[in-house]
There are 2 protein chains.
Amino acid sequence: MSTRRATISDVARAAGVAASTASVVFSGKTPVSDATRQRVLDAAAELDYTGPDPRAASLRRGRSGIVGVVFEGALRTVFLDPVTRIMMDGVADGVASLGAGLLLLRDDDREPTLVSAPLDAAVLVGCNAGLRESMAILRSRGIPVVVIEGDAGPDVPQIDLDNRDAQREMAQHVRTLGHERVVAVTLPCDASRRRGWIPVDQQFTVDVTRDRLAGFRDVFPDAGALAAAGSSIDEGLIAGRVLFADPAGRPTAVIAQSDMLAAGVIRAAEEAGLRVAHDVTVTGFDGVSVDGLAPYELTTMAQPAADKGRAAGQAVAAMLEGRDAASFRFTCTFRAGNTAAAPSA
Amino acid sequence: MSTRRATISDVARAAGVAASTASVVFSGKTPVSDATRQRVLDAAAELDYTGPDPRAASLRRGRSGIVGVVFEGALRTVFLDPVTRIMMDGVADGVASLGAGLLLLRDDDREPTLVSAPLDAAVLVGCNAGLRESMAILRSRGIPVVVIEGDAGPDVPQIDLDNRDAQREMAQHVRTLGHERVVAVTLPCDASRRRGWIPVDQQFTVDVTRDRLAGFRDVFPDAGALAAAGSSIDEGLIAGRVLFADPAGRPTAVIAQSDMLAAGVIRAAEEAGLRVAHDVTVTGFDGVSVDGLAPYELTTMAQPAADKGRAAGQAVAAMLEGRDAASFRFTCTFRAGNTAAAPSA
DNA sequence: TTGTAAGCGTTATCAG
DNA sequence: CTGATAACGCTTACAA
């Protein structure tokens, strides 16, 4: 009912002790006599005081208990993209020892930003566009950072994937099967997310796309690559329709840069009356299970998404505890499904 | 290189202006002459000052720009449970207008808690255990709260689902099909998450479980109900194995309280050599697509999870902007699949 | 064990 | 348009 919320000084005054004493009653940092503690607690109850204001405490302590997880693009991908989701689960696990909350942020100018959020540490996820700039800001703030799948410079711990090697392995598998008319369906090349055939002089701001494409090109240097506007079944469908529009010139194998894209390509193949594996080979990347794809099991490169996230979380925890955090590179493993086969004569 | 990070006063001093002037240069709240602004900006660049410390700013302003989303149990459920995921996507959407960040928190004593996190507002998701207590804390802090699927008292906006009605509708459907030996497989009853047959005098701290069970009992007052320890395929499998262990006494229909549980029950049915629909009817709840369930399509009650989240987010935004936020109850819709049929003679 | 004092870094207010 | 001042609410040496 009072006009103003009670502060610790109010409580202290009511209890007849100093504010500092009331403070330690709540923090427990220093022994306090039972009698005093009780008086303080009673006063607090009386005044409806529920404990120190976190804002003031964090200013004073210099810690907020918040770890930022920064994404490129819309926040919804966090919840909708299966790989990101699994990775986030790992991050949550990795920072568990810190008891920190995860603050979801995006890599743009919308609030809250890296600049305006009270972070103890940050995990940058696949942020490539403004990465350097973000890093500079965080560094000058003295906020420890870990980067997942992005190049942030020498002294920033990075959690990486062997994207190029993995995609090369898959491409080799496809070539070994005997395919020659092969096309890649890629993730977006840059923030514009433009769909279409990728020109040879394409600039990439998305490292994952660039690296997986490089692995593909290691095996099929002259093959075409069609960029999608995102990693979804719908995008894969759109790309697939382009590929299968001309029955004569269609590829015998499609190497997609994500399982979601591959699933869409498969759908397009079905639309076009093609039998997957028999008429056209389709491979994925990530190793997440895609819903509703039965009876197909994607032939794909499985990545340890949860481990990646966990490693990032643990790295952040280490840095916050003053320990060193090392970079780490994870490896994908080939997973055979039933969507790849030798081309039909 | 300096021993201490630069503050706005340092910048102001270097620029030869007052701290308050430097402040407005960064906040833009008051007109500043171009010359002054430039001097301040130059000084800031020189000192490697990247802007006001968010902790100090939020103490001063009384706003942190952070909305807490509080879950009961482990944070990983946020990323692993499909309903929660979809709902979170809605929440993110709903608070978008605020420019606030979402801080993922858990409803327990680990840091950061409701007490120690710098929140402007909070969304409590399915928190029933410590709900009252949490509410009391938040209220005395003057932090607006919205509760999703939980009863927090009269003057707290709640986003609800017609759980009882919906489950009753499903139960009626099953009865109409002709089933008599029917069993419910439920979500956990309380924080203990004990598995097993639910006694008549069971106390529920999880409203969802209680309400859906009530709807079931409206139609099958004397039927048994088997509690699972969570909402997952594995838990459904465990429950299903119990139900189908005795071929003689097995139910002809199983009404599960979530799609994940239903998927597990279906798996158990397959294990037991039963044909779903033909030998045993299995129904779900939620209307999320469960991976790998083909060729089955669950007969289920679909809930508008994203809408629920969005409504919560918008309610929070409204309260923060000083407007009133109303409670809202969403309705589930029956969705026919191929997992329910009349009992075989 | 308790109290004193000195900030933490910012920004709202109001006068100039 | 700029500056002085006074909080914001708390914590932590250090002194008593």
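Quick caveat, the model's predicted, so the values are computed rather than measured. Reminder, nothing fancy here: chain letters follow the sequence lines and each chain counts from 1.
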**Message:** Measure CG/A:D10 against C1'/D:dC10 and give the value in whole Å, please.
**Reply:** 13 Å
**Request:** Please tell me which of B:V24 and A:A56 maps to the more 5' nucleotide of DNA chain D, matching each residue to the nucleotide holding its nearest heavy atom.
**Result:** B:V24
**Request:** Grab the CZ-C1' distance between A:R141 and C:dG9 for me, whole Å please.
**Result:** 11 Å
**Asked** In terms of the nearest nucleotide of DNA chain D, which residue is placed more toward the 5' end: A:A19 or B:P31?
**Response** B:P31
**Prompt:** So what does A:T7 hit on the nucleic acid, given a heavy-atom distance under 4.0 Å: a base, only sugar-phosphate, or nothing?
**Reply:** sugar-phosphate
**Fill in**
Here the distance between atom C1' of C:dT2 and atom CZ of A:R39, to the nearest Å, is 10 Å
**Asked** Looking at CG of A:D34 and CG of A:L41, how far apart are the two atoms once the value is rounded to the nearest 0.5 Å?
**Response** 10.5 Å
**Request:** Find the distance A:I8:CD1 to C:dT4:C1' and express it as a whole number of Å.
**Result:** 15 Å
**Message:** Counting only side-chain nitrogens and oxygens, does A:S33 get under 4.0 Å of the OP1 or OP2 atom of C:dT2?
**Reply:** yes
**Message:** For a quick test of reading the model: is some side-chain N or O of A:S9 closer than 4.0 Å to OP1 or OP2 of D:dC10?
**Reply:** no
**Asked** If you measure from the Lys or Arg side-chain nitrogens to the Asp or Glu carboxylate oxygens, is any gap between B:R13 and B:D10 under 4.0 Å?
**Response** yes
**Fill in**
Separation of C:dG7 atom C1' from B:R55 atom CZ, nearest Å, is 15 Å
**Message:** Categorize B:T30 for me: base, sugar-phosphate, or nothing, with a 4.0 angstrom heavy-atom threshold over every strand shown.
**Reply:** base
**Complete:** Rounded to whole Å, the CZ-C1' distance (A:R61 to C:dA6) equals 18 Å
**Message:** I'd like to know if B:R139 and B:D155 make a salt bridge, using a cut-off of under 4.0 Å between side-chain N and carboxylate O.
**Reply:** yes
**Prompt:** Atom CG of B:L59 to atom C1' of C:dG9: distance rounded to whole Å?
**Reply:** 9 Å
**Distance-only polar pair, side chains of A:T113 and A:S116, donor-acceptor under 3.5 Å** = yes
**Request:** Inspect the contact between B:R210 and B:D207 and indicate whether a charged nitrogen and a carboxylate oxygen are less than 4.0 angstrom apart.
**Result:** yes
**Asked** At under 4.0 Å between heavy atoms, what does B:T21 touch on the DNA or RNA strands: base, sugar-phosphate, or nothing?
**Response** base
**Request:** For the side chain of A:S20, starting at C-beta, report the closest nucleotide among C:dA5, D:dA4, D:dC10.
**Result:** C:dA5
**Request:** Figure out the CZ/P separation between A:R60 and C:dG7, and round it to whole Å.
**Result:** 10 Å
**Request:** Under 4.0 Å between any heavy atoms, over every strand shown, what does A:F26 touch: base, sugar-phosphate, or nothing? Just pick one.
**Result:** nothing
**Request:** Looking at every strand, decide which applies to B:V17 at a 4.0 Å heavy-atom threshold: base, sugar-phosphate, or nothing.
**Result:** sugar-phosphate
